[in-house]
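Note that the structure is predicted; figures quoted are calculated from it, not measured. First the proteins, then the strands, lettered A, B, ... as listed; each starts at 1.
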Amino acid sequence: MLDRQGDWKRTNYCGDLRAADIGREVTLMGWVHRRRDHGQIIFIDLRDRSGIAQVVFHGDQAKDAHAKAEELRGEYVAAVRGRVVRREKPNPQIPTGEVEVLAGELRLLNAAHAAPFAIEDEITASEETRLRFRYVDLRRPRLQRNLGLRHRLVFEMRRALDELGFYEIETPALARPTPEGARDYLVPSRVHHGHFYALPQSPQLFKQLLMISGLDRYFQIARCYRDEDLRADRQPEFTQLDLEMSFPRQDDIFEVIERVLERVWVATGLAVSRPFRRMEYRDAMERYGSDKPDLRFGMELRDVTPFFDPARETLRIHGSVRAVAAPGGAALSRKQVEELVEMAKSHGASGAYAVKMGPEGAASSLEKPLGAENLRAMTESLGAKAGDLILAVAAAAGGTAAKGPDPALPIAGHLRLGLAHRLKLVPQGRWEFTWLTGFPLFEWSETEKRWGSAQHPFTGIVEEDLEKLESAPWEVRSKGYDLVLNGVELGSGSIRIHRQDVQARLFRALGLSDEEARHRFGFFLDALTYGTPPHGGIALGLDRMVALLAGEKSIREVIAFPKTTAAQDLMADSPATVDTQQLDELGIRIKESG
RNA sequence: GGGGCCGUAGUUCAGUUGGUUAGAACGCCUGCCUGUCACGCAGGAGGUCGCCGGUUCGAGUCCGGUCGGCCCCGCCA
């Protein structure tokens, strides 16, 4: 039989009880974590957000409460009144282990079905089951910690930005569709049949308009939507810390972000040193084969193309060859090395070669084609010692992409990461922030066979490169920057274009006719002519940041109700079909598939 | 759009060459138990082998399709 909560008021959280509370009368409310029934004595572990407290029921002291405690089962909701006493045998495993609550009265507030899996951190349930019962999954301490951390982080961001003079301003969730960039989530208009809103991929244009409006400093914890295929670090809706400021130098934006992040890291009990390191895009590609280098370890790449000259014929090497040396890598099994070589090939390498460093020197199938002397020179240039492993990859650029970075670089970069992770050479507990600057403005799109914006088409252009906009677009540098943390792209931003004439020139360089530009961004081009201050900003991926701080591999672990890789919510079963009346109102008919 | 791994009890898994009544652990239910803390002991219930079709005397097992989960490539201005 269920009881009413009545006028009982909770006095303490379960997990807060300590020896100092001994003697106090307390009222606890929570979930039955476990029941240990010994007949005349029953132990209940009562759980709430804060943790677990042991409640003890004696048959001879509190008869009614004891009788009711016999009915308790896992995940029942209960309220207990009693006195905090010292335990006869303390349990050092839990924070409340020195005390227990001697129950005087028990109210059973709700029964529960047996949970589909245990409410514990170490759990074997599949992610599918967890997502189907997300409300149960979220009771687990790990997810409660993650969401608590996320709250703390957002709270500190708001405080820090308020102190720095930023206004938090909301922008529309029903926005204008954008043909460029990611696929939009569309929302049909009931009033205007055949017309659609789009959920924003980011508040980009709105925040720039706020600068034009003179709001000076804006931020938003903004939900963004992109209808693209998902990954462990990508959800169809995700959250950004989005900000924009007027009259900034690049350094001003860096400083704001560094201050905000310092605040967040300190609040999380971690140290971070300012100012953050800075690196040029070209440099990052050359040394790490990535525009988001993981700087927690060395293993920099080397250009070993010259050593391969004698072997070009036999190995059919057309492009360049880049190599990385892994300390202790010779310990990797044949199979592991083979995996890495296969990975390189699947990423487009025309060849991938391993050199094992033994006490007698290099051992490799490359010895014959390169020549022993040449091979030795190569290993020396990489500083490889006995016990190390060298991986070299060759790749050739095709067509116009030759203007971009050497294609062997990103593949070698992947090998660098693969080696470091397999050899456990990545130190944990280090936070290596770095700013990346000097990105090319344009990127060659192989699928569309044209130059496109590397970031977005409002990114500022380095003044001295403006003249090359039409003649040598691949040499034009942007005023964009990325923030990278431990090999993860945390965010990206730029000083924007604030002059209408420059913006129009860029659209033309992107192959957008004046009419098209006007059709897509007319309102924005107009706004630029009404007194636009120089402005710039950045957006940071909040989910990724929390995941990194929580030590989670997937951002699904830091989002309360995430979707699967097929963009479904297994708990709410969305997306769902709608009835024809709803469709009729919207003027929509579903096409027969096939 | 492509590749890989997976789907058997509430959960996580095992299941031989295709062969009689599909097993284990945990969980659940009943009873006993006054110091447990992953309590213990005794007993018990629990299965559309994801779904559809095919091969076969016979399919959890083989074949085709389909649905769902995870990881990766493409994609993500």
side-chain N/O [X] vs [N] OP1/OP2, d < 4.0 Å:
{"X": "A/Arg36", "N": "B/U36", "answer": "no"}
{"X": "A/Thr565", "N": "B/G69", "answer": "no"}
{"X": "A/Arg234", "N": "B/C71", "answer": "no"}

How long is the line joining [atom1] of [X] and [atom2] of [N], in whole Å?
{"X": "A/Gln54", "N": "B/C39", "atom1": "CD", "atom2": "P", "answer": "10 Å"}
{"X": "A/Glu228", "N": "B/C73", "atom1": "CD", "atom2": "P", "answer": "14 Å"}
{"X": "A/Met343", "N": "B/C71", "atom1": "CE", "atom2": "C1'", "answer": "14 Å"}
{"X": "A/His33", "N": "B/C39", "atom1": "NE2", "atom2": "P", "answer": "8 Å"}
{"X": "A/Asp233", "N": "B/C72", "atom1": "CG", "atom2": "P", "answer": "7 Å"}
{"X": "A/Glu339", "N": "B/C71", "atom1": "CD", "atom2": "P", "answer": "18 Å"}
{"X": "A/Leu570", "N": "B/C67", "atom1": "CG", "atom2": "P", "answer": "16 Å"}
{"X": "A/Asp121", "N": "B/A38", "atom1": "CG", "atom2": "C1'", "answer": "14 Å"}

Using the six-membered ring for Trp and the full ring for Phe, Tyr or His, decide whether A/Phe117 stacks on the six-membered base ring of B/U11 (centres under 5.5 Å, planes under 30°). no

P spacing across the pair B/A25 / B/A42, given as an integer number of angstrom: 12 Å

Can you name the residues that form a ring pair (Phe, Tyr, Trp, His ring centres under 6.0 Å) with [X], not counting sequence neighbours?
{"X": "A/Phe439", "value": "A/Tyr281"}
{"X": "A/Phe206", "value": "none"}
{"X": "A/His421", "value": "none"}

Side-chain polar contacts of residues 84-92 of chain A - donor-acceptor pairs under 3.5 angstrom, sequence neighbours left out - could you list them?
unit_1, atom_1, unit_2, atom_2, d
A/Arg86, NH1, A/Glu98, OE1, 3.4
A/Arg87, NE, A/Gly97, O, 3.4
A/Arg87, NE, A/Val99, O, 2.9
A/Asn91, OD1, A/Gln93, N, 2.9

Closest to the A/Arg231 side chain, choosing from B/C75, B/G35, B/C71: B/C75

Pairing residues for A/Glu475 by the salt bridge (charged side-chain N to carboxylate O under 4.0 Å, His left out) criterion, not counting sequence neighbours: A/Lys468

Does A/Asp569 have any salt bridge (charged side-chain N to carboxylate O under 4.0 Å, His left out) partners at least two apart in sequence or in another chain, and if so, which? none

Once hydrogens and angles are ignored, does a donor-acceptor distance under 3.5 Å link the base of B/C76 to the side chain of A/Arg226? no

Counting distance alone, no hydrogens or angles: does the base of B/C37 have a donor or acceptor under 3.5 Å from a partner atom on the side chain of A/Asn91? yes

For nucleotides 27-34 of chain B, give me one character per nucleotide, 5' to 3': B if any protein heavy atom sits under 4.0 Å from the base, S if the only such contacts are to the sugar-phosphate, - if neither. --SS--BB

For residues 40-56 of chain A, pull every pair meeting side-chain hydrogen bond (donor to acceptor under 3.5 Å, both in side chains), keeping only residues two or more places apart or in separate chains. A/His33-A/Arg47, A/Arg36-A/Asp45, A/Arg36-A/Gln54, A/Arg47-A/Glu75, A/Asp48-A/Ser50, A/Gln54-A/Glu100

Presence of salt bridge, A/Arg35 and A/Asp37, under 4.0 angstrom: yes

For RNA chain B, which residues of residues 125-137 of chain A approach it to below 4.0 angstrom with any heavy atom? A/Ala125, A/Ser126, A/Glu127, A/Glu128, A/Thr129

Note: contacts of residues 512-521 of chain A with RNA chain B (heavy atom, under 4.0 Å) are none

Whichever of A/Arg87 and A/Arg544 has its nearest RNA chain B nucleotide further upstream toward 5': A/Arg87

Contact nearer the 5' end of RNA chain B, comparing A/Glu120 with A/Ser202: A/Glu120

Side chain to side chain donor-acceptor pair (under 3.5 Å) between A/Thr178 and A/Gln201, worked out: CA-CA 9 Å; A/Thr178 51; A/Gln201 296 175 27; 3.2 Å; yes

The side-chain hydrogen bond (donor to acceptor under 3.5 Å, both in side chains) partners of A/Arg520 (sequence neighbours excluded) come to none

Report the residues that fulfil side chain to side chain contact (heavy atoms under 4.5 Å, CB included) with A/His498, sequence neighbours left out, ordered by chain and then residue number. A/Thr532, A/Pro534, A/His535

For A/Phe458 and A/Phe524, I'd like to know if the aromatic rings sit close, meaning centre-to-centre distance below 6.0 Å. yes

